[in-house]
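Have a look at the structure below, then the notes.
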Amino acid sequence: MAEATNNQASGAATTGAAPGGAGAPDRPVKVVGIVCNWCSYAGADTAGVGRFKQPANLRLIRVPCTGRIDPLFALKAFEKGADGVLISGCHPGDCHYSEGNYYARRKFELAERMIHHLGIPPERFKWTWVSASEGQRWQKVVTEFVAGVQKLGPREGKAL
Amino acid sequence: MRIGVFVCHCGSNIAGTVDVAELAKRALTLKDVVYSDHPMYTCSEPGQAGIQQAIKDKKLDRVVVSACSPHMHEQTFRRTVEGAGMNPYLMEMANIREHCSWIHPDMAEGTEKAWEIIKMAVAKARQLEPLYANEVSVNKDVLIIGGGVAGIQAALDLADAGLKVTIVEKETTIGGTMAKLDKTFPTIDCSACILTPRMVDCSQHENITLMTYSEVEKVSGYVGNFTVDIRRKAAMVDWNKCVGCDVCVQKCPAKAPNLFDEGLEPTKAIYIPFPQAVPKRAAIQVDYCRYFQTGKCKVCERVCPAGAIDYEQKDTSVTKEFGAIVVATGLEVFPWEEHYSEYGGGKIKDVISGLQYERMLNASGPYGGHVRRMSDGADPKTVVFIQCVGSRDESVNRPYCSSVCCMYTAKQALLTKDHCGMDTDVYVFYIDIRATGKGYEEFIKRVQTEFGVKYVRGRVSKLYEQDGKVMVRGTDTLLGEQVEIPADLVVLASGIQPADGAKQLAQTLNISYDEFGFMKEGHPKLRPVETNTAGVFLAGVCQAPKDIPATVAQASGTASKVIGLLAKDKLKTSPQIAVVNQKNCVSCWKCIEVCPFSAPEKQELRDGTYKSHVIETVCQGCGICVATCPVNTIELKGFTTDAILDQIEEVLQSQL
Ligand SMILES: Cc1cc2nc3c(=O)[nH]c(=O)nc-3n(C[C@H](O)[C@H](O)[C@H](O)COP(=O)(O)OP(=O)(O)OC[C@H]3O[C@@H](n4cnc5c(N)ncnc54)[C@H](O)[C@@H]3O)c2cc1C
């Protein structure tokens with residue numbers, strides 16, 4: 001029942017008031033991000049220090065390494081109604097723990113397929129790499145991902 | 001549970017776009033939150049005292065500091081709560097500055113997002129438990145990678161402080177770039193005269209071991225206890241026997257490129273980079289050696305009075321233990337030939353790089369300090385310098401300023417007048433002149449007025465050959481006119497970039513680097529010599545372009561940080577590590593397979609069965625095993641599954 005239309009209230013509008021009130025299908029989407037401490041969290045910091053403006057739809061959860069991320073976290077987020085899930089870590093070769101992101105990559109390649117299989121369109125799930133110095137890249141990743149999710153609109157109701 | 005929430009104004013950094021007072025008020029509506037405040041600067045003394053007071057007065061057992069990035073102040077606030085008797089790991093930060101107020105200019109938007117960030121932090125705080133640090137003993141030996149002036153300075157400081165230091169240098173001699181320079185700005189003192197005594201000090205210091213012609217292959221372990229594999233490259237010369245007499249070099253019949261002289265003139269296949277090399281030992285470049293290429297020659301073996309030549313020599317590898325590592329791998333000159341076809345791409349003989357010019361100026365260089373045209377050896381009458389070749393140029397992906405070229409060009413312009421006579425015409429094409437160091441501006445003025453070097457503001461668009469001259473075509477942007485100068489010699493102030501292989505080394509060490517390969521410091525202002533990997537430090541140009549005074553100052557700063565670290569006999573390790581609940585362990589050993597640090601081990605229980613156990617002091621807390629364990633029986637302290645799921649739930653609470 002993916003993407004079922006269900007006009008249940010979702011008062012979590014973050015950017016101003018959505019026209020039509022809470023629960024309107026064009027409310028701002030909410031995206032959960034899970035990022036590693038050393039590269040992408042720090043990259044998001046770098047973006048902040050550089051004042052690189054971003055859409056305000058993202059909520060970040062910090063973990064030490066993408067290798068710590070159980071694909072279940074992403075599924076859980078979708079189950080709880082996330083409109084998108086973004087996962088980001090260190091570039092291949094740059095993992096603070098030398099190989100955590102390789103394990104993550106393997107898991108997320110599979111998880112990605114499973115997520116699509118569950119009926120969630122690919123635009124709603126992304127995993128990528130952003131290093132600590134790539135503030136601009138972080139801005140771009142977030143902006144583009146959120147725009148893609150916003151284009152699909154909110155996932156009304158539970159999809160899982 | 002009694003949680004206190006502190007929403008920092010950070011002056012106007014946060015309060016400018018986030019309504020902190022409103023958030024402090026709202027925080028009180030959250031479950032378990034019994035106290036909130038919105039201090040002006042939470043990290044300041046009164047700010048920290050306020051937290052400590054609240055912990056005592058309100059009997060708080062969790063604290064959420066909603067302020068900047070934990071990378072900025074997590075340690076600060078852990079100490080704060082510890083000072084009030086709370087376990088430091090019961091403090092959680094909500095990053096509403098870097099991740100919110102600084103990127104969302106709209107007050108309403110910023111405030112709502114900050115609210116959610118705070119709610120997530122409170123949700124996580126509920127899951128925190130007290131954690132206690134372990135202690136590990138510390139190896140007090142220091143590894144320095146790179147034997148340029150940065151590595152040398154750090155080594156001497158550390159060795160003088162009584163620590164044992166090993167310098168691993170990839171070339172056969174230490175000295176680095178500075179050993180190639182002629183004179184140094186702004187004092188025009190001889191580079192070798194100030195450097196070579198320090199090189200000798202290194203070789204004679206009882207606490208310093210030199211491992212030249214060697215490279216770091218593998219690094220494992222962690223702060224206080226690194227294990228490093230070092231490969232010594234085969235020099236085809238037994239260095240225990242070689243005395244550096246140079247006879248083999250003189251007699252060798254095969255030519256090879258002279259990297260020390262930046263390729264100006266060839267050296268021999270067996271070479272010693274320069275007379276003051278430390279250690280002064282010969283090595284064979286096998287790709288150019290007649291014996292290795294044709295199977296016949298062996299002249300060096302015949303003439304060597306020490307019987308040191310060993311054609312069978314192989315690379316050797318040693319494993320050593322260190323407590324701290326200093327990276328000082330320095331610079332490489334920007335390979336302008338590959339990027340500036342408008343300057344001839346290396347095909348015009350009389351166009352050379354700044355570092356080549358240093359070798360030309362140098363009395364122990366290939367021309368004995370005689371400045372000459374490369375094409376015909378004639379004395380130049382007109383010399384043109386072009387600045388910012390491979391610096392401040394987006395088109396070649398070098399947007400940064402190399403920081404030393406304005407000054408070294410001025411120095412070289414002055415030396416040109418000195419070597420070739422005051423009647424030589426010397427021009428410098430520049431974009432801006434950056435002379436910010438002590439005595440630097442005065443130096444530039446002297447070069448312009450006293451030595452009559454003509455500074456032309458503008459970029460050179462083309463270099464081409466005509467009638468034996470190099471035609472320099474550019475614009476004088478101050479006069480607004482085209483200029484064309486027939487030059488005898490053109491010197492490009494080629495920018496600097498990190499050493500070849502810097503990125504790979506950074507990966508080996510698990511430290512961050514930027515897009516150019518400069519290694520990333522722990523914090524641009526507050527931790528300029530540390531990296532984000534505890535126990536690994538930086539010195540010199542490997543971190544960012546800088547001149548010798550700044551390099552030496554940084555290297556001494558680095559040394560003092562290393563001394564500070566190794567002054568302790570034991571180090572506290574992070575308690576945010578993986579722990580196995582052995583009751584559910586199915587002994588599949590997947591955790592052992594995936595751990596990059598060999599932290600999990602098979603532990604024999606009383607009943608004779610084996611279960612996984614994570615060695616506390618070895619675990620680095622990445623959590624790979626946690627996400628791998630098929631029965632979810634490993635937990636990562638500080639980042640528990642419950643804490644993560646609670647944050648997800650909190651943020652999506654209102655979503656369905
Ligand atoms: C043309 C030119 C002129 C200059 N003139 C001046 C001047 O007049 N005054 C001034 O103050 N500054 C000058 N500078 C700048 C000066 O050269 C640098 O500030 C200084 O050399 C930096 O020292 P360093 O030790 O960081 O790097 P380097 O001197 O480059 O030393 C790095 C060392 O590390 C070694 N190394 C690299 N990678 C590895 C590895 N993976 N493993 C082991 N070893 C490795 C290298 O072989 C080298 O020996 C000039 C620079 C240039 C290019």
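A, B, ... follow the sequence lines: proteins, then strands. Residue 1 opens every chain.
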Most chain B-contacting option - heavy-atom pairs closer than 4.5 Å, from A:P55, A:A47, A:P71, A:P64
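That would be A:P64.
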So, taking the atom named [atom1] in [X] and the one named [atom2] in [Y], what distance separates them when rounded to the nearest 0.5 Å?
X	Y	atom1	atom2	value
B:Y513	A:H91	OH	NE2	8.0 Å
A:R51	B:S101	CZ	OG	7.5 Å
A:L60	B:C100	CG	SG	11.0 Å
A:Y97	B:C595	OH	SG	11.5 Å
B:N632	A:D70	CG	CG	6.5 Å
B:K520	A:D94	NZ	CG	12.5 Å

Go through the atoms of [X] and report whether side chain, backbone, both or neither lie under 4.5 Å from a heavy atom of chain A.
X	result
B:L645	side chain
B:T508	neither
B:F597	side chain
B:S574	neither

For chain A, which candidate among [options] shows the most heavy-atom pairs at distances under 4.5 Å?
options	value
B:N95, B:I117, B:N13	B:N95
B:G638, B:C68, B:A627	B:A627
B:T533, B:D514, B:N532	B:N532

Tell me whether A:K80 is salt-bridged to B:E650, with the criterion being a basic N under 4.0 Å from an acidic carboxylate O.
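No salt bridge links A:K80 with B:E650.
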[X] to [Y] - nearest heavy-atom pair and separation:
X	Y	result
A:F73	B:T641	CE2-CG2, 3.8 Å
A:C65	B:C622	CB-O, 3.5 Å
A:K30	B:L652	CD-CD2, 4.1 Å

Out of the candidates A:S98, A:C95, A:C90, only one should pair with B:N510 under the side chain to side chain contact (heavy atoms under 4.5 Å, CB included) rule; please name it.
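Passing option: A:S98.
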Only one of B:H71, B:Q647, B:H99 forms a side chain to side chain contact (heavy atoms under 4.5 Å, CB included) with A:R62, so which one is it?
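The option that passes is B:H71.
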So which bits of residues 36-46 of chain A come within less than 4.5 Å of chain B, counting non-hydrogen atoms only?
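Only A:N37, A:W38, A:Y41, A:A42, A:A44, A:D45 of residues 36-46 of chain A have a heavy atom under 4.5 Å from chain B.
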Could you name the residues of residues 125-137 of chain A that have a heavy atom within less than 4.5 Å of a heavy atom in chain B?
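Counting heavy atoms that sit under 4.5 Å from chain B, the residues of residues 125-137 of chain A involved are A:A132, A:S133.
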Just by modelled atom types, is the B:F639 backbone N or O under 3.5 Å from a matching donor or acceptor in the A:R68 side chain?
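Yes, A:R68 side chain to B:F639 backbone: donor-acceptor pair under 3.5 Å.
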Go through the steps to decide whether B:T628 and A:Y103 satisfy the test side-chain contact (heavy atoms from CB on, under 4.5 Å), and finish with yes or no.
CA-CA 9 Å; B:T628 304; A:Y103 290 111; 5.5 Å; no
Look at atom NZ of A:K53 and say whether more than 12 heavy atoms of other residues, nucleotides or ligands are closer to it than 6.0 Å.
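Yes, because the 6.0 Å sphere around NZ of A:K53 holds more than 12 heavy atoms from other groups.
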Below 4.5 Å, heavy atoms only, C-beta onward: do B:E649 and A:K76 meet side chain to side chain?
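B:E649 reaches A:K76 side chain to side chain.
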Side chains of A:H96 and B:Q620 in contact at under 4.5 Å (non-hydrogen atoms):
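No, side chains not in contact.
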A:V63, part contacting chain B, at a heavy-atom distance under 4.5 Å
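Both backbone and side chain.
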